[in-house]
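Basis for what follows: all heavy atoms, side chains included, without hydrogens, waters or symmetry-related copies. Quick note on labels: first sequence line is chain A, next is B, and so on, each numbered from 1.
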Amino acid sequence: MSTVKRKLTIAKAISESISLEMEADENVFVMGEDIAKLGGVFGTTTGLLDKFGPERVRDTPISETAFIGAAVGAAAVGMRPIVELMFVDFFGVCMDAIYNLAAKNCYFSGGNQPIPMVLMTSVGGGYGDAGQHSQCLYGTFAHLPGMKVVIPSNAYDAKGLMHTAVVDNNPVIFMLHKNLQGMGWLGTEKKSIVDVPKEIYGVPFGKAAIVRKGKDITLVGLGVTVHMALDAANKLEKEGVDAEVIDLRSLVPLDRETIFNSVSKTGRLLVIDDDYISYGVTGEIISSVAEQDSSVFKTSPQRIAYPDIPIPFTRPMEQFALPNKDKIFNTAKEMMEGK
Amino acid sequence: MSTVKRKLTIAKAISESISLEMEADENVFVMGEDIAKLGGVFGTTTGLLDKFGPERVRDTPISETAFIGAAVGAAAVGMRPIVELMFVDFFGVCMDAIYNLAAKNCYFSGGNQPIPMVLMTSVGGGYGDAGQHSQCLYGTFAHLPGMKVVIPSNAYDAKGLMHTAVVDNNPVIFMLHKNLQGMGWLGTEKKSIVDVPKEIYGVPFGKAAIVRKGKDITLVGLGVTVHMALDAANKLEKEGVDAEVIDLRSLVPLDRETIFNSVSKTGRLLVIDDDYISYGVTGEIISSVAEQDSSVFKTSPQRIAYPDIPIPFTRPMEQFALPNKDKIFNTAKEMMEGK
Amino acid sequence: MLSDVNTLQWLYGSMFKSRYYEECMEKAYLEGKQPVFNMANGPVPGEMHLSNGQEPCAVGVCAHLNADDAVFATHRPHHIAIAKGVNLKAMTAEIFGKKSGLSGGRGGHMHLFDPTVNFACSGIIAEGMGPAAGVALARKLRNEPGIAVAFIGEGAANQGAFHETMNLAAVWKLPFVCIIEDNAWGISVSKTDATSVPRNDVRAASYGIPGEYIEGNDPLAIYDAAERAIKRARSGQGPSLIEIETYRLAGHFMGDTEAYRPEGEKDELFSKDPIPKFRKHLLESGTLDETGLKKIEEAMYKEVDDAFEFARSAAEPEPIEALEKVFA
Amino acid sequence: MLSDVNTLQWLYGSMFKSRYYEECMEKAYLEGKQPVFNMANGPVPGEMHLSNGQEPCAVGVCAHLNADDAVFATHRPHHIAIAKGVNLKAMTAEIFGKKSGLSGGRGGHMHLFDPTVNFACSGIIAEGMGPAAGVALARKLRNEPGIAVAFIGEGAANQGAFHETMNLAAVWKLPFVCIIEDNAWGISVSKTDATSVPRNDVRAASYGIPGEYIEGNDPLAIYDAAERAIKRARSGQGPSLIEIETYRLAGHFMGDTEAYRPEGEKDELFSKDPIPKFRKHLLESGTLDETGLKKIEEAMYKEVDDAFEFARSAAEPEPIEALEKVFA
Ligand SMILES: Cc1ncc(C[n+]2csc(CCOP(=O)(O)OP(=O)(O)O)c2C)c(N)n1
Ligand SMILES: Cc1ncc(C[n+]2csc(CCOP(=O)(O)OP(=O)(O)O)c2C)c(N)n1
Ligand SMILES: [Mg+2]
Ligand SMILES: [Mg+2]
């Protein structure tokens, strides 16, 4: 791989990745609301219209059921659509096309009609956009079989995972966190802006990244919570606690092995998620370790996630409910002290 | 309560319950596809049209988004709609009305506009109805805040839970398992047909039932898997294993206390669910015990649930994938043997 | 008016084949389900939606299609699958849940996929609309021949997917045709109780496209209307909408007692059965004589019998194959 | 043509109030967001969709409504909330996320609920349609007065919920009116690129109900059309559909650079600003003189200033209140 690297935001890495994939394969095209002239509300398709024209970069009516359904049909006959659902919170108007068509048609057809499509969507809150524009819904998508579910935490992974998504022969739900994407008008986590090679490269699904090695406690996160965990780990280090931080990168497939091996070593597991807590990601991670061998736990595994409440608009309430580095630090310390 | 009891199927208990609630409160009405003239595809509204007429028992167009949305609006101004989503598998066409409106409006309105509605739906497979008509999706609904989620395993609970649902001031997702409902044209688990008092009575949400006391292992189920667990418990008894069986009855609220107390006693937890395994009910139950005190586990907690595959049509595959008494028995025995 | 004998023969033969197919299916379905009807039992479990009476819609449209053209059907798919040329043996084996079925038994009667002829169907109302538009879009983007046709029921025209897709197809001028089979019922709910207009062809105006209503469940009238719409689609002028009056001679699904039907309706429908009617037409117009018709019928009997024979004797899949094909 | 002075005054006053409200909101919103625009900062975080230019739609319709009548608005709700008589202080406090806000700060600008005047709004396209039909159904079932009006954007008329609800309301003859505010844009996508017909009033034919298109963003023409539709609804004749040509004088949301607009479009729209135009009309028709207009304007300044003053000085909620009101 060349050594030409630039620090990119996730949004830039994604639009670059899509551009490269569209050059490489004329079956790749993009559609969604405001993805052409506007370049995507979150900037993930910026520049594509100028480069590839309105046939391959298509603004759609506000008709998610129709255009996501259309992506399924196009994929069935060999196209590789990348389709944007502007906010994941809108899944309720089009979930049938996603989970009853995209996710199941490969199986229903006995493997004869794979659906190679990417559903790109933005997740997460923290900027006061209230309860219909701030959710993550990781658990909702990961629970239903037939879709891969990918959540990058930085620009390098974003570009590489997007390549893997586009060339994958299956539906991939690509979830981009608004605190990470790098739009000017939203706060952006600095650590998500990293060196990105210019060429196409892949980052595999189902391989969690150990983004910080440690021996005392395993902090598992995804998307934005990886950065919170890293911040907490730095703080913990000052207290003599050596935390290992795992970035899941994909929920489906899930790298149960990396998690289990880490917890076998540290004996302590703390999972951090900004999706709703119950019946979601945190439960799955904890259980997948417990069912393999619950004796690895030196102390009860813990989780920090969004409480089971709709997301409130007002800042004091929203910030109260979100996970953050201090909550992680405090819980980790309590776990170290065996509380 | 009177002593007049009859053995009823769940479907009959539900239609009786709805009838009583409609008599008691004129704000209660029913709508859905084929719920009037046909009495509901699963018989849960049989006889209501004749008794209450077409204004209060309304057949709808095949427009779930519109009529579930309408239920939300009607509930907001004081009605108490019971609305049927024929199969839970259809949630994808109308989830927005369910989770972005019904589930959130109370919160969004600061509690000033509660949404007292019941969404009644049928779940489960095992009779060859394939991948769009056989799912449970318990985890999908339980994960999203703002809705109560109820799953009766027998006719007594069904009637009592329906009363509690109708008088509750919040949206309640009432999930009826097709193997239990008691329609002639579907197989019916005998143990779901039990004595039901004629009057109105309530069964509270959030109180799991210990349907079999035992000291060696805790089997947790819901809906149809409760009966599988009971069958397995009988078989285990012959091998000298004394299983405790818990019927969750509701997922939201979830009776974490009863589960934890049971596992504290038995030290062994096996959760059985016919919804998809990952990111669902089984993960939540296991984690909720583990996070409270993972040292209660004498052996690693286990789960038996639907694999992460779309539901296959053909009998050999479908039966292979479903939980059953033998799988429970075998896993429980292994757990007893410390494997 | 269509006079090509080959096509007329094909129309009759396909309708006849479809009807005989459903008769065989009915028998197979009921095996093991008597005296007590339990959907879970017998060689063909689950729901079964027969298409008896609706054959004209399938043949009148599919007569204009070739393998490149995609068809998306509904929960009531057999007549359309047959008219579209889906591999009958593999389709029947699929409905019997066999390993040699179209999808190895994973799909069943509501999920028949035959990519070689671009046929698919599914069990959620109006769900084929979006995918059909998507195939049409793919054909357009790649400058390939081939159009897409979505069949839906009249009840499905009240579902959001119908509206969204019609608009999308019209805005993008896709080579797409929507066929509404108006059998007057959505399970037990009549069109009158469910649909705010007597005929869905008027809804074409919402999309600025042509709409037609075809009365009489007549294969020739359907053939003509479909020709207009499909020509339009092929020539890049965009989508059309056709609603067809048809008859559901069976229950919604097997086991349906149809108590909701008005007295006498079924008898009246049977008296208008399109297959004997078309047979009579072929005889009277001198297109075919008894011998010619019998020859076609015999061929169809044989093809269907062979398919059922194939399906019955085919091997069951291994249970563990359930875990395969989730991902490609 | 409307000649009642009180109503004319109310129409003007409400439009004026709404516009001034948005001007104040714009300022408040930008606080803390400069020089670097970050949506998360300032007293009003999150998205902000201003209604400047669309006031005629709100006032022309709401002039006919009383508290029993329900209104469901969209992500762009302020003008409608104001015309419907939502408590302005509590609404503003809500948008500022304060404890004394309509919902204690939980909802924010896209989730304004004032049950005392039956107003609600939400952030998902066409989402108010179903609930509005539901209120209409409740009124009908209980034989109560009161109708329901759903406002949506022209872009929302391509969403499934629009179609399903129009059909449902028509089949059930509900006291329901759908108002489409056609500001020609759905974020950056023009109506031409998104909608298969130039005007959505033709879509009324799909439901067998009256449809009207009102040109010119003219409060009086809107008033008249709304009167017809609302009378029809009140008298039990069922729903109607009205599309209104209107202008979005602001960006889609604040921060929108509007680069997608054709050159000169904004200038042209500003030259047709309905508020000065209506002011001129009132003067020229002799309905009100400068003094009379100024008096109204002063009253509106005061009401809005008071509301912002109330909101700014109101107390923040406790963080832990986040956990309350999930269930009633
Ligand atoms: C979204 C959705 N809602 C409801 C159903 C249940 N359902 C299956 S077939 C049917 C009636 C369909 O009527 P129509 O579209 O007229 O087709 P027909 O059965 O008459 O061929 C219904 C309500 C479904 N499959 N999907
Ligand atoms: C189902 C859904 N899809 C997309 C969006 C994102 N979105 C918010 S406003 C908007 C444009 C709406 O256009 P229109 O209906 O014309 O209303 P306007 O903004 O012009 O008032 C879009 C696409 C959404 N909120 N909900
Ligand atoms: Mg029909
Ligand atoms: Mg607009």
### Summary
Okay, D:Ala150 and chain B: the region with an atom under 4.5 Å from a heavy atom over there is neither
### chain B contact via D:Ile124 - which portion, at a heavy-atom distance below 4.5 Å
side chain
### Message
Using side-chain heavy atoms (C-beta onward) and a distance below 4.5 Å, is B:Glu26 in contact with D:Arg142?
### Response
no
### Region of B:Asn27 in contact with chain D, defined by heavy-atom distances below 4.5 Å
side chain
### Gap separating the CG atom of D:Leu168 from the OG1 atom of B:Thr60, nearest 0.5 angstrom
7.5 Å
### Message
Using a 6.0 Å cut-off, check whether atom CD of B:Glu23 has over 12 heavy atoms from anything other than its own residue.
### Response
yes
### Message
Applying a heavy-atom distance below 4.5 Å, give me the residues of residues 156-164 of chain D that approach chain B, sorted by number.
### Response
D:Ala161, D:Glu164
### Query
Using non-hydrogen atoms only, which part of D:Asn118 is less than 4.5 Å away from chain B: side chain, backbone, both, or neither?
side chain
### Message
Below 30° counts as parallel, above 60° as perpendicular, anything between as tilted: where do the rings of B:Phe108 and D:His111 land?
### Response
parallel
### Task
Between chain D and each of B:Asp168, B:Asn105, B:Ile68, B:Val72, count heavy-atom pairs under 4.5 Å; write down the option with the most.
B:Asn105
### Summary
From the list B:Asn169, B:Ile62, B:Leu101, the residue making the most non-hydrogen contacts under 4.5 Å with chain D is B:Leu101
### Interchain contact, B:Lys104 with chain D, by part (heavy-atom threshold 4.5 Å)
neither
### Message
Shorter than 4.5 Å, heavy atoms on both sides: which option in D:Ala133, D:Gly123, D:Pro115 has the most such pairs with chain B?
### Response
D:Pro115
### Query
Among D:Lys140, D:Glu324, D:Arg106, who wins on heavy-atom pairs under 4.5 Å with chain B?
D:Arg106
#### Entry: chain D contact via B:Met31 - side chain, backbone, both or neither, heavy atoms under 4.5 Å
side chain
### Task
With rounding to the nearest 0.5 Å, note down the distance linking OG1 in D:Thr165 to CZ in B:Phe67.
11.5 Å
### Pairwise side-chain contact, B:Val77 with D:Arg139, heavy-atom cut-off 4.5 Å (strictly under)
yes
### Query
Where on B:Asn100 is there a heavy atom nearer than 4.5 Å to chain D: the side chain, the backbone, both, or neither?
both
### Gap between atom OH of B:Tyr107 and atom CG of D:Leu323 - 0.5 Å precision
7.0 Å
### Most chain B-contacting option - heavy-atom pairs closer than 4.5 Å, from D:Gly108, D:Gly105, D:Gly130
D:Gly130
### Query
At a heavy-atom separation under 4.5 Å, does D:Glu144 approach chain B through its side chain, its backbone, both, or neither?
neither
### Query
About how many Å separate CG of D:Leu141 and CZ of B:Arg58, when rounded to the nearest 0.5 Å?
5.5 Å
### Task
Inspect the surroundings of CD in D:Gln237 and state if more than 12 heavy atoms from other residues, nucleotides or ligands are less than 6.0 Å away.
yes
### Query
Do any N or O atoms from the side chain of B:Asn170 and from the backbone of D:Ala328 form a donor-acceptor pair under 3.5 angstrom?
yes
## Note on the structure
Rounding to 0.5 Å, atoms OG (D:Ser122) and CG (B:Asp96) come to a distance of 8.0 Å
### Query
For the residue pair D:Ser103 and B:Ser109, what are the closest heavy atoms and their distance?
CB-C, 3.2 Å
### Query
With a 4.5 angstrom heavy-atom cut-off, which part of B:Glu64 approaches chain D: side chain, backbone, both or neither?
backbone
